[in-house]
Protein chains: 2
Amino acid sequence: MTGLAPKARINNRRELILDASAALFVEKGFVSTSTRDIARATGMLPGSLYYHFASKEDLLVAVFQEGVQRISEGVDVALATAGPDPWVRLQSACEAHLAMLLGASNYAHVVIRTLPSDVPDAEKTLVGLRREYEARFTALCDALPLPLQVDRSVLRLMLIGAMNHTPVWFRKGRDTPAGLARKFIGNVRGAQACADASVEANFEEDRG
Amino acid sequence: MTGLAPKARINNRRELILDASAALFVEKGFVSTSTRDIARATGMLPGSLYYHFASKEDLLVAVFQEGVQRISEGVDVALATAGPDPWVRLQSACEAHLAMLLGASNYAHVVIRTLPSDVPDAEKTLVGLRREYEARFTALCDALPLPLQVDRSVLRLMLIGAMNHTPVWFRKGRDTPAGLARKFIGNVRGAQACADASVEANFEEDRG
DNA sequence: ACAATAACCAAGCAATCGTTTGCTTAGTTA
DNA sequence: TAACTAAGCAAACGATTGCTTGGTTATTGT
């Protein structure tokens, strides 16, 4: 009777709780979201949440984890069909990242909106999860054909900062994740752009 | 006896309260900072704060306002001695912005760390203040000699996003605001860099 | 049919929240 | 010295917070 895994009952509302929490965490932030808010959104009573999650912070960690997994999968899928060109690969990753961040999934948004230092007890966990994800961009930037004097680390952090700031100003309809990814990469291609300038003007248009 | 302005007593602790609040808002965020935290940090009792500020939100607005003013002044001063070159001017502005953000002044950090949507009642005020400041970068980016197809608005938002993300990863000693500004601008100079490549390799070193 | 348990409700706990109130003290002005 | 006020203390207000506890329902395997 090791019985750790709970047998799946028909209606497992765990996911419902996670969905509602993700939406609320995006809308009001973690600290400003009360367990009663979540309970109300799921049609339960506050205490009932604690059957599924040990604490409010555990709930955040679960949402955060799900967010990291989804955005990771999105990027990985994009990279799997991106071809060999380093710049195209980076742009594809950015497009997937932005699509997750600006699209319907609240989970990814929680990951970049939640400041780990706001949740001291879970800080290390969250930072670790995020770093694990961002390692993808480390690899992508290291693979770029860049002059030696370019600080790839700064380039990566620049891109990540720029992308994670988009939820503040993005307006659906005026921009698209694909369009932004193209402009972002275009802006940092730098010297490369001189050589092979308009080579992929057509590549950009068959997406988004 | 219109007497709206309070006569200055010797020890006006308003600034002390603002300083302590700014530090705490940076460390723990606005929502997670209690009025008791602020009171303890200033050596007062919680209620005494309300002699100086009508509400906790008003206190935030005051800190935010001070932050916007300081970072604006920093950028304006930098621009006043930056010369005519549009790229140099932009880089100087970025350097000043980063210096404020990563330096000793907590006020500037509050401005970029506080998500206005976390404070619904003061949201419009904060957004307005921030936009007024960021207008400087709109002008700077519009002045850049760029190919027509470059979206200056996205370039600006990219830079701002990248800069405002630096507090997350910046390590004093490993980087400097001036160094980062140089790298940031270098990364987005793009096609320009081909033409006048190493012209200002010496310009960068006499600062920071 | 029966025991087991997943899933939830109902109620309330102690702690903390932002804020208010009434009063005191120190300093200024007349 | 008397009137006034800036500044803050002491104490508590009602509301909200995350969470616990004990009981209830409904589904499940046997």
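What you see below is based on every heavy atom in this structure, not just the backbone, and it leaves out hydrogens, waters and symmetry mates. Bear in mind that the values here come from a model prediction, so they are computed numbers and not experimental data. Lettering of chains follows the sequences in order, A, B, ..., and the numbering in each one begins at 1.
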K.L.:
Output every pair passing salt bridge (Lys or Arg N to Asp or Glu O under 4.0 Å) with a member in residues 132-152 of chain B, not counting sequence neighbours, ordered by first then second residue.
P.N.:
A:Lys183-B:Asp151, B:Asp76-B:Arg136
K.L.:
To the nearest Å, how far apart are A:Asn12 CG and D:dT28 P?
P.N.:
12 Å
K.L.:
Are side-chain N/O atoms of B:Gln65 and B:Gln69 paired as donor and acceptor at under 3.5 Å?
P.N.:
no
K.L.:
So which of residues 35-44 of chain B are in contact with DNA chain D, with a heavy-atom cut-off of under 4.0 Å?
P.N.:
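Within this stretch, B:Arg36, B:Gly43, B:Met44 sit under 4.0 Å of the strand.
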K.L.:
When you measure from the side-chain N and O atoms of B:His52 to the phosphate of D:dA6, is any distance below 4.0 Å, counting only OP1 and OP2?
P.N.:
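Indeed not, no polar side-chain atom of B:His52 lies that close.
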K.L.:
Could you tell me whether a side-chain N or O of B:Arg89 sits under 3.5 Å from a main-chain N or O of B:Gly83, the two making a donor and an acceptor?
P.N.:
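Such a contact is found between B:Arg89 side chain and B:Gly83 backbone.
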K.L.:
Let's go through A:Phe53 and A:Leu60 carefully: what are the C-alpha distance in whole Å and the side-chain angles of both, what is the deciding distance for side-chain contact (heavy atoms from CB on, under 4.5 Å) to 0.1 Å, and is it a yes or a no?
P.N.:
CA-CA 10 Å; A:Phe53 299 95; A:Leu60 170 67; over 6 Å; no
K.L.:
Can you find a side chain N or O atom of A:Ser48 that sits less than 4.0 Å from OP1 or OP2 on C:dA7?
P.N.:
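A:Ser48 to C:dA7 OP1/OP2: no side-chain N or O under 4.0 Å.
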K.L.:
May I ask you to decide if B:Val111's main-chain N or O and B:Thr114's side chain share a donor-acceptor pair within less than 3.5 Å?
P.N.:
no
K.L.:
Take atom OH of A:Tyr50 and atom P of C:dC9, then tell me their distance rounded to the nearest Å.
P.N.:
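Distance, rounded to whole Å: 15 Å.
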K.L.:
Taking ring-ring contact (aromatic ring centres under 6.0 Å, His included) as the cut-off, I'd like each qualifying pair that reaches into residues 29-50 of chain A, sequence neighbours left out, listed once.
P.N.:
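Qualifying pairs, neighbours excluded: A:Phe25-A:Phe30.
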K.L.:
Can you check side-chain contact (heavy atoms from CB on, under 4.5 Å) on A:Phe64 and A:Val119, steps first, answer last?
P.N.:
CA-CA 12 Å; A:Phe64 199 98; A:Val119 201; over 6 Å; no
K.L.:
Between A:Asp118 and B:Arg113, does any NZ, NE, NH1 or NH2 come within less than 4.0 Å of an OD or OE carboxylate oxygen?
P.N.:
yes
K.L.:
Think B:Arg13 has a side-chain N or O under 4.0 angstrom from the OP1 or OP2 of D:dA7?
P.N.:
no
K.L.:
Take atom OH of A:Tyr51 and atom P of D:dT21, then tell me their distance rounded to the nearest Å.
P.N.:
17 Å
K.L.:
Between CD1 of B:Ile112 and CG of B:Asn164, what distance do you get to the nearest 0.5 Å?
P.N.:
4.5 Å
K.L.:
Quick check for you: among D:dG18, C:dC17, D:dG8, whose closest atom lies nearest to any side-chain atom of B:Ser34?
P.N.:
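Side chain of B:Ser34 sits closest to C:dC17.
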K.L.:
For B:Leu45 and C:dC23, what is the distance between atoms CG and P respectively, to the nearest whole Å?
P.N.:
18 Å
K.L.:
Once ring pair (Phe, Tyr, Trp, His ring centres under 6.0 Å) is applied, do any residues pair with B:His97, and if so which ones, sequence neighbours excluded?
P.N.:
B:Tyr133, B:Phe137
K.L.:
Verify side-chain contact (heavy atoms from CB on, under 4.5 Å) between B:Met163 and B:Leu180, making sure each step is shown before the conclusion.
P.N.:
CA-CA 9 Å; B:Met163 290 194 296; B:Leu180 287 182; over 6 Å; no
K.L.:
Can you measure A:Lys56 atom NZ to D:dC19 atom P for me and round it to whole angstrom units?
P.N.:
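Rounding to the nearest Å, NZ of A:Lys56 and P of D:dC19 are 8 Å apart.
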K.L.:
Going by number, which of residues 15-31 of chain B have a non-hydrogen atom under 4.0 Å from DNA chain D?
P.N.:
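Contacting residues: none.
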K.L.:
Could you say whether B:Arg14 or B:Gly47 is positioned toward the 5' end of DNA chain D, judged by the nucleotide with the nearest heavy atom to each?
P.N.:
B:Arg14
K.L.:
Determine to 10° how strongly the helix from C:dA1-D:dT30 to C:dA30-D:dT1 is bent, judged from the axes of its five-pair ends.
P.N.:
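Inter-axis angle at the termini of the helix from C:dA1-D:dT30 to C:dA30-D:dT1: 20°.
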K.L.:
What is the separation between atom CG on B:Leu49 and atom P on D:dA10, rounded to the nearest whole Å?
P.N.:
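Taking atom P of D:dA10 as the reference, CG of B:Leu49 is at 14 Å.
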K.L.:
So A:Ser32, base contact, sugar-phosphate only, or nothing? Heavy-atom distance under 4.0 Å.
P.N.:
nothing
K.L.:
Could you measure the distance from the CG atom of B:Leu102 to the CG atom of B:Asp175? Nearest 0.5 Å is fine.
P.N.:
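With rounding to 0.5 Å, CG (B:Leu102) is 9.0 Å from CG (B:Asp175).
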